[in-house]
Amino acid sequence: MSSLRRYPWLFALAVFVVYYLFARLGVVFSSMPDSSLSLLWLPSGIGAAAVMLRGWRMLPAIWLASLLINTPAGLPDALMSQHWAALLAGVGAGAVDTFQSFAAAWLFQRLVGRPRFVAGYQVLRFSFWVAIPVSAVTVMLLVALSAALGFLPKTPETGMMGALSIWASFSLADIHGMLLIVPLALSWMGAYRERGALNPWLMVGMFGVLAVIILLGYTVLGGAVYLLIPMFMILALRAHVRGVSLFLTVSSITLTSLTVYGHSPFGGASHWAQLANLLLFVFASGVAALFVAAQQLELRSAKSMLEDQVAKRTLALREANQRLQALTRTDDLTSIPNRRHFMAATPPDNAEGVVMMLDIDYFKSINDRFGHQTGDDVLKAVASLGRQQVRSNDLFARTGGEEFACWLPEMTVAEAIPVAERLRQVIADAEFNLPERLSVTVSIGLSPFLHTLEDTMTAADAALYDAKRAGRNRVVVAGIPGGGKGAP
């Protein structure tokens with residue numbers, strides 16, 4: 001299959017061979033015994049599907065195959081010696097068959113869409129707007145050509161009725177071929193692939209039941225053939241267009257072959273009536289089954305698309321919620337956790353650890369002298385230095401204004417004092433981008449974790465203000481008035 005896709009000439013050669021072989025089979029095995037009319041003309045569907053799949057480059061192969069099949073078969077034995085008539089008949093029939101394939105593909109593209117059946121309306125448009133009118137018009141041209149050359153095929157009727165019988169029979173045979181082959185070819189060879197593999201056991205079971213139904217239909221119970229209708233519906237619901245088209249083709253070929261040999265389960269006083277009943281049954285049941293299968297495929301595609309959209313919307317909503325949560329937990333200016341996050345993330349009551357409260361000294365004067373933009377830069381710098389000086393599992397947050405807090409889990413006050421002193425000294429030694437040289441210092445209060453976080457923060461905050469009153473730029477531990485170190 002990949003070679004056929006890669007080399008167009010190889011695909012054209014395959015179309016020529018398949019077209020010719022099925023045409024010969026149609027002439028030999030599906031022609032009515034009392035005439036040269038074929039009940040099943042699969043080349044009509046083969047040519048149309050080839051042009052739909054590979055474009056106008058398939059037309060020469062179709063014309064040549066039709067020329068070879070129609071030149072000897074289009075003439076009665078009495079005229080076979082007239083080589084010019086045989087050649088003219090072959091050339092004309094080949095032109096008509098080529099035009100039929102081109103017209104079917106052209107109408108399919110404009111009225112149905114891309115070469116695939118993924119919606120019920122496409123099946124109806126193909127059946128009633130493509131297969132029927134194209135077959136009727138092209139067969140009319142073929143009958144006119146045959147009448148002009150004086151060798152219409154044999155029929156029970158003569159004159160105008162005979163010509164009408166030939167036109168109706170050829171049209172039904174061509175419609176028959178298009179209805180079988182085009183869905184089969186597009187579903188198996190087209191670029192579109194139906195989701196879900198074809199269940200082989202389901203198909204094996206269906207073909208087994210088909211054999212039983214046909215055996216009953218041609219022996220003791222002629223009406224058993226109508227049991228094929230629910231089977232078509234089951235396949236339409238379970239096996240998609242691919243399974244329905246395959247089963248429809250096998251069933252139709254079998255029914256047609258047995259009808260040709262006089263074993264038709266359909267009533268009718270003549271072969272012509274049996275032919276009409278057979279083709280009407282295949283057309284009605286085939287169109288209905290293909291419509292349901294395509295409609296099911298459309299529903300599955302819509303469901304899959306809706307599920308994909310829901311999944312994308314859900315993911316987008318989840319990401320938006322995560323961003324929103326991050327925004328509610330992060331300080332916009334300094335990009336470190338805010339007070340809400342600090343209060344929610346700190347361990348529960350009676351935890352072991354230390355709370356450190358930090359406040360920038362004389363921050364209001366910085367804003368007043370240099371503006372709020374400079375003050376914001378100072379806040380960002382202090383936040384960055386604070387985050388760098390604590391451990392990865394410590395929580396350093398901005399709790400409001402120029403005030404910061406840090407939770408030091410599993411640490412004693414004795415261990416926390418060096419941390420606080422190091423942070424205080426790093427900030428005091430840092431160079432801030434200010435309009436004039438100015439040292440930025442902080443005051444820090446420490447408190448071991450008490451019964452609750454609120455109590456601990458209150459104690460650490462009180463120690464912080466003790467540091468402010470003691471001269472700023474120093475660390476004070478709660479419960480030790482004036483205690484701690486700092487700049488003199």
Side-chain angles (χ1 to χ4, degrees), residues 331 333-339 341-347 349-364 366 375 377-432 438-488:
D331 180 63
L333 178 64
T334 60
S335 299
I336 64 173
N338 57 16
R339 181 181 182 87
H341 187 187
F342 184 82
M343 300 299 292
T346 305
D349 298 347
N350 299 317
E352 181 180 356
V354 175
V355 169
M356 176 173 61
M357 301 295 293
L358 178 151
D359 188 87
I360 301 176
D361 297 329
Y362 302 110
F363 183 74
K364 185 177 182 300
I366 295 176
D377 293 340
V378 171
L379 289 172
K380 293 177 184 178
V382 171
S384 177
L385 293 172
R387 189 164 45 189
Q388 294 171 11
Q389 296 303 315
V390 299
R391 301 170 300 178
S392 59
N393 62 329
D394 296 335
L395 180 59
F396 190 82
R398 181 187 178 195
T399 55
E402 66 273 19
E403 189 174 76
F404 299 83
C406 184
W407 164 241
L408 305 169
E410 299 179 356
M411 184 177 286
T412 63
V413 171
E415 295 170 330
I417 290 175
V419 176
E421 280 293 338
R422 184 173 65 251
L423 174 59
R424 181 196 64 78
Q425 191 64 50
V426 165
I427 295 174
D429 295 340
E431 295 184 1
F432 290 84
L438 177 70
S439 296
V440 176
T441 62
V442 295
S443 298
I444 299 176
L446 295 175
S447 173
F449 200 88
L450 304 177
H451 298 294
T452 65
L453 177 61
E454 289 79 4
D455 293 343
T456 307
M457 292 183 67
T458 300
D461 200 52
L464 169 64
Y465 281 97
D466 285 343
K468 294 280 189 181
R469 286 189 291 270
R472 294 178 172 80
N473 190 23
R474 64 187 62 243
V475 177
V476 172
V477 178
I480 308 178
K485 302 178 182 179

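Every value quoted in this text rests on a predicted model; they were computed, and no experiment measured them.
With hydrogens and angles disregarded, no donor-acceptor distance shorter than 3.5 Å links the side chain of Arg387 to the backbone of Leu385. A donor-acceptor pair under 3.5 Å links the side-chain atoms of Glu415 to the main chain of Thr412, judged by distance alone. Not a single donor-acceptor pair under 3.5 Å links the side chain of Ser443 to the backbone N or O of Leu464.
Every side chain to side chain contact (heavy atoms under 4.5 Å, CB included) that Ala416 has, sequence neighbours left out, goes to Val354, Leu408, Met411, Leu446. Listed by chain and residue number, nothing satisfies the side chain to side chain contact (heavy atoms under 4.5 Å, CB included) test with Ser335 (two or more places apart in sequence, or in another chain).
For the residue pair Met357 and Ala460, the shortest heavy atom distance occurs at CG-CB, 3.3 Å. The minimum heavy-atom distance between Asn473 and Asp361, with the atom names listed, is N-OD2, 3.0 Å. Annotation for Ala381 and Phe432: closest pair CB-CE2, 3.5 Å, computed over non-hydrogen atoms. Here the closest heavy-atom approach between residue Ser447 and residue Ala459 is recorded as OG-CB, 3.4 Å.
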Checklist entry - Could you go step by step and tell me if Lys468 and Asp359 meet the side chain to side chain contact (heavy atoms under 4.5 Å, CB included) rule? => result CA-CA 9 Å; Lys468 294 280 189 181; Asp359 188 87; 2.7 Å; yes

Item to check | Pair Tyr362-Ile366, side chain to side chain contact (heavy atoms under 4.5 Å, CB included): steps then yes or no | outcome: CA-CA 7 Å; Tyr362 302 110; Ile366 295 176; 5.6 Å; no

Checklist entry - How far apart are the C-alpha atoms of Leu453 and Trp407, what are their side-chain angles, what is the distance that settles it, and do they pass the side chain to side chain contact (heavy atoms under 4.5 Å, CB included) test? => result CA-CA 10 Å; Leu453 177 61; Trp407 164 241; 5.7 Å; no

Next on the checklist: Does Leu423 form a side chain to side chain contact (heavy atoms under 4.5 Å, CB included) with Val475? I'd like the steps, not just the answer.
Outcome noted: CA-CA 10 Å; Leu423 174 59; Val475 177; over 6 Å; no

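One finds the CG atom of Leu358 at 11.0 Å from the CZ atom of Arg424 (value rounded to the nearest 0.5 Å). Note that the CG atom of Leu450 and the OG1 atom of Thr456 stand 4.0 Å from one another [nearest 0.5 Å]. For the atom pair Leu333 CG and Asn338 CG, the distance stands at 12.0 Å (nearest 0.5 Å).
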Sequence neighbours excluded and cut-off under 3.5 Å, please list the side-chain donor-acceptor pairs for residues 394-406, or say none.
from, atom 1, to, atom 2, distance (Å)
Asp394, OD1, Arg391, NE, 3.0
Asp394, OD1, Arg391, NH2, 2.8
Asp394, OD2, Arg391, N, 2.8
Asp394, OD2, Arg391, NE, 3.0
Arg398, NE, Gly401, O, 2.8
Arg398, NH1, Asp331, OD1, 3.3
Arg398, NH1, Asp331, OD2, 3.2
Arg398, NH2, Gly401, O, 2.9
Thr399, OG1, Glu403, O, 3.4
Thr399, OG1, Glu403, OE1, 3.4

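For the residue pair Asp455/Thr452, the side-chain donor-acceptor check at 3.5 Å is satisfied. Side-chain contact annotation: Ser384 with Gln388, donor-acceptor N/O pair under 3.5 Å present.
The closest side-chain heavy-atom distance from Gln389 to Val419 is not below 4.5 Å.
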